[in-house]
Visitor: 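Supplied in structure tokens, the structure appears directly below.
So that the names make sense, note that chain A is the first sequence line, chain B the second, and so on, each numbered from 1.
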4 protein chains.
Amino acid sequence: MPDASRRNPQAHQAILGATWDLLVAGGWSAVSVDAIAARAGVGKRTIYRWWPNKNAVALEAFLARARATPPPGDPEGLSETLRAHARHFVDLYVGTRLGALLRELIGAAQTDPELARALREHWFLPRREPLRALIPGDDPDLVLDLVFAPLHYRLLTGHAAIDHAFADNVVKVALACSTASG
Amino acid sequence: MPDASRRNPQAHQAILGATWDLLVAGGWSAVSVDAIAARAGVGKRTIYRWWPNKNAVALEAFLARARATPPPGDPEGLSETLRAHARHFVDLYVGTRLGALLRELIGAAQTDPELARALREHWFLPRREPLRALIPGDDPDLVLDLVFAPLHYRLLTGHAAIDHAFADNVVKVALACSTASG
Amino acid sequence: MPDASRRNPQAHQAILGATWDLLVAGGWSAVSVDAIAARAGVGKRTIYRWWPNKNAVALEAFLARARATPPPGDPEGLSETLRAHARHFVDLYVGTRLGALLRELIGAAQTDPELARALREHWFLPRREPLRALIPGDDPDLVLDLVFAPLHYRLLTGHAAIDHAFADNVVKVALACSTASG
Amino acid sequence: MPDASRRNPQAHQAILGATWDLLVAGGWSAVSVDAIAARAGVGKRTIYRWWPNKNAVALEAFLARARATPPPGDPEGLSETLRAHARHFVDLYVGTRLGALLRELIGAAQTDPELARALREHWFLPRREPLRALIPGDDPDLVLDLVFAPLHYRLLTGHAAIDHAFADNVVKVALACSTASG
DNA sequence: CGTTAAGCGAGACGGTACGTCTTGTCTTCGT
DNA sequence: ACGAAGACAAGACGTACCGTCTCGCTTAACG
């Protein structure tokens, strides 16, 4: 295992930057380890020393940019909070390179268990966890899924449009559910 | 381009069968056009003549098997109907090779727009369409998403378990929503 | 074996014509059985019914055109006769599509024994035979080779130019040989 | 393009060796880039990195073996020298795998200009050059052709046998020519 | 005059080889 | 020891061509 303290931060950033640039310029299909290395002016070995494969690099590039736009500070009331989060996802995902990348990462995760685990651990769970405590009832995960699943489902299948109105609707009915049924 | 009436049905079935066999034996990563051709005793050209790539072949293999277990005849009452469908999806997807294949196909669809279109057109929409008419209110798609999105979301992200109880809960709250909010 | 009396002469000529056209348009590499069939408006089966492979077709196309320019009627004297023949070869081969085709056929014959046999039988021997009787001495084949080999050698290796002067020189020294040594 | 100093000599030799082995075992038709790579335990990419195609590989394999039997040191007298060289060609070519390979390479060169150039440059010219200076008269190339063309002509057309006697005869008459006519 | 057996056009098929691409490992230098 | 560079084994990709085949259609010879 490499010694993290001796890692070259320039190379680290160059790799993430090159990955993102390639993605913007040519889409996911333009991202290959060779291409990243060439554009970053870095040896392939340096990439494989620190990441297991290009999916992991792309995940880190995604997280760096996605985390740069932090989730909304929670306003008053559960309904408002969830609505703010749902709209935040819409803004982050829809019509953005970041949303496309997330789609592609979730896609790649279907054949890359390690990526699936990392996505859960570094993206989905951290965004859900702060909200779980706010949800009353004995199955907060169910409510969170009612809110967030439709968003991601449409993102991945594209069978219907996603916008703020949709986000608002989803939150409204999901909350109605949890009170009506819980 | 090619004349479908002259298509060799033996070769057609052999290709789909070989694809499925490879999938069962070695998972999605074992499926390659070369491997399919070799196992089916078929020239690669014959595959490329009728399908654009292996994703399309795998989709057809998926649909052939998935359609072989038709959705439940609709029992009395909307609630029962949706519950039957949700449980049907659970049975079809969870812990089965078919579910794994669907996951992988949705994954591949994130970088293959044609596959995405075909999946929507030949899988998602046909399963939704008969149910849309049954849903009261002015946004039946929203209700269908409340029911089916959590299922697929958990299938794709694996952040929580899927079983009949989950399916039942989802249907219960989704219906509670639509009545409470609509 | 097919019944030659029922052969369609239009198809026969169309195939030879298409072969030649392809050759002129794109060189030997543009000649494939598929391409011939397509351009001739003929089924591949029709080609394979009458020829074993494309080399045989091309040979026939070559012979049809090469035989259309018959060798010179033999003038007075062996020296003149050989010189006329040598110059005839030069005219036929050098800088012409026909010469290029012969090169390519001899090339193909190196891995196609049947083509080699046919070339010998239908091209080389018929051109040599009438001359053999004219050559005095006990090894006329040697003299013929002294005359014709350099021509074909340069055609195939391209290590030096071929023109009438070269043809004349070859004939002059070859004849000098045969008298000096014989 | 690639950095020759970093070339792996084991792989280089394995490729040439595998090419030769395939040739000996199954003839030219058994030689394919795939087969070479498989037998040499080498990636196809490694072959294509250093050679443009299999013809170039085969040429190098030919040259390696052909140069291993160097041309005869030149004995006293032009006649003896040429005779030794002619017999050397006969020994090298006739009834040997090497001769068959040369035939096939010359054949392939008819549709591969780069191979043609390389054959001239690395085989024909180096063997001719040392002899040119020995030939008196103003057209040494003509004399060399008189000696070597018949040999190669018969090799390529197979219209007559090749043996030491033929070589001797060719040299005898070719020299008679040059003195008689020059 | 009708039947029947070809030739024929079209093109699908099994197969093989091609040349390109990407992945992840390994080696060689330089710093 | 890390990093830049890139060669390497492996093997999938999609294309091209080969030679065989199956399908209907037409057409000539024969009953």
Side-chain angles (χ1 to χ4, degrees), chain A residues 2-8 10-12 14 29 31-35 37-38 40-54, chain B residues 1-8 10-12 14 29-38 40-50 52-54, chain C residues 2-8 10-12 14 29 31-38 40-54, chain D residues 1-8 10-12 14 29 31-38 40-50 52-54:
Chain A
D3 177 350
S5 71
R6 304 189 50 181
R7 185 170 192 178
N8 178 344
Q10 274 84 49
H12 187 168
S29 70
V31 178
S32 73
V33 178
D34 282 301
V42 140
K44 286 171 62 175
R45 195 64 200 264
T46 301
I47 297 176
Y48 282 108
R49 178 152 29 234
W50 302 107
W51 292 274
N53 52 48
K54 75 165 175 174
Chain B
M1 302 274 185
D3 179 349
S5 72
R6 301 188 48 189
R7 185 170 192 177
N8 179 343
Q10 275 86 48
H12 187 167
S29 71
V31 178
S32 73
V33 178
D34 282 300
I36 295 172
V42 140
K44 285 170 64 173
R45 199 62 201 267
T46 300
I47 297 177
Y48 283 110
R49 180 157 25 237
W50 301 107
N53 52 49
K54 75 166 174 173
Chain C
D3 177 350
S5 72
R6 302 187 53 181
R7 183 171 193 177
N8 179 342
Q10 274 85 48
H12 187 168
S29 72
V31 179
S32 74
V33 178
D34 283 296
I36 296 172
V42 140
K44 286 170 63 175
R45 196 63 199 265
T46 301
I47 296 176
Y48 283 109
R49 180 153 29 234
W50 302 108
W51 293 274
N53 52 49
K54 75 164 174 174
Chain D
M1 310 263 185
D3 179 349
S5 72
R6 301 188 48 187
R7 184 170 194 175
N8 179 343
Q10 275 85 49
H12 187 168
S29 72
V31 178
S32 74
V33 178
D34 283 299
I36 295 171
V42 140
K44 288 171 62 173
R45 197 63 201 268
T46 300
I47 297 178
Y48 284 109
R49 185 166 11 248
W50 301 108
N53 52 49
K54 75 164 175 174

Visitor: For the side chain of C/K44, starting at C-beta, report the closest nucleotide among E/dA12, E/dG7, E/dG24.
Guide: E/dA12

Visitor: With DNA chain E as reference, determine whether D/A35 or C/V42 sits nearer its 5' end, using the nearest nucleotide of each.
Guide: C/V42

Visitor: For DNA chain F, note the earliest and the latest nucleotide, 5' to 3', having some atom under 4.0 Å of a heavy atom belonging to chain B.
Guide: F/dA12 to F/dT22

Visitor: Looking only at heavy atoms, which two atoms of B/G43 and B/A37 are closest? And how far apart?
Guide: C-CB, 4.3 Å

Visitor: In whole angstrom, what separates B/R45's CZ from E/dC18's P?
Guide: 18 Å

Visitor: Heavy atoms only, 4.0 Å cut-off, all strands: where does C/W51 land among base, sugar-phosphate and nothing?
Guide: nothing

Visitor: Examine A/R6 relative to A/W50 and say whether NZ or CZ is less than 6.0 Å from the centre of the six-membered ring and inside a 45° cone about the ring axis.
Guide: no

Visitor: Round to the nearest Å and state the distance from A/Y48 atom OH to E/dT22 atom P.
Guide: 12 Å

Visitor: Nearest whole Å is fine: how far is E/dT22 P from D/R49 CZ?
Guide: 14 Å

Visitor: Measure from NZ on A/K54 to P on E/dG24 and round the result to the nearest Å.
Guide: 9 Å

Visitor: With a non-hydrogen cut-off below 4.0 angstrom, is B/D34 in contact with a base, only sugar-phosphate, or nothing?
Guide: base

Visitor: What contact category does A/P52 fall into here, base, sugar-phosphate, or nothing, at under 4.0 angstrom with non-hydrogen atoms?
Guide: nothing

Visitor: Identify the heavy atoms of C/N53 and C/Y48 that sit nearest to each other, and give their distance.
Guide: CA-CE2, 4.2 Å

Visitor: On DNA chain E, nearest-nucleotide positions of A/S29 versus C/N8: which is more 5'?
Guide: C/N8

Visitor: For E/dG14, does OP1 or OP2 lie under 4.0 Å from any side-chain N or O of B/T46?
Guide: yes

Visitor: Using atom CZ of D/R6 as one end and atom P of E/dC26 as the other, report the distance to the nearest whole Å.
Guide: 15 Å

Visitor: Want to settle it: does B/V31 or A/R7 sit nearer the 5' end of DNA chain F, counting the closest nucleotide to each?
Guide: A/R7

Visitor: So, for A/A14 and A/A40, which heavy atoms are closest and what is the spacing to 0.1 Å?
Guide: O-CB, 3.5 Å

Visitor: In Å and rounded to the nearest 0.5 Å, what is the CG to OG distance from A/D34 to A/S32?
Guide: 5.0 Å

Visitor: Please give, in whole Å, the distance from E/dG9 C1' to B/D3 CG?
Guide: 13 Å

Visitor: Is there a side-chain contact between B/V31 and B/I36, using heavy atoms and a 4.5 Å cut-off?
Guide: yes

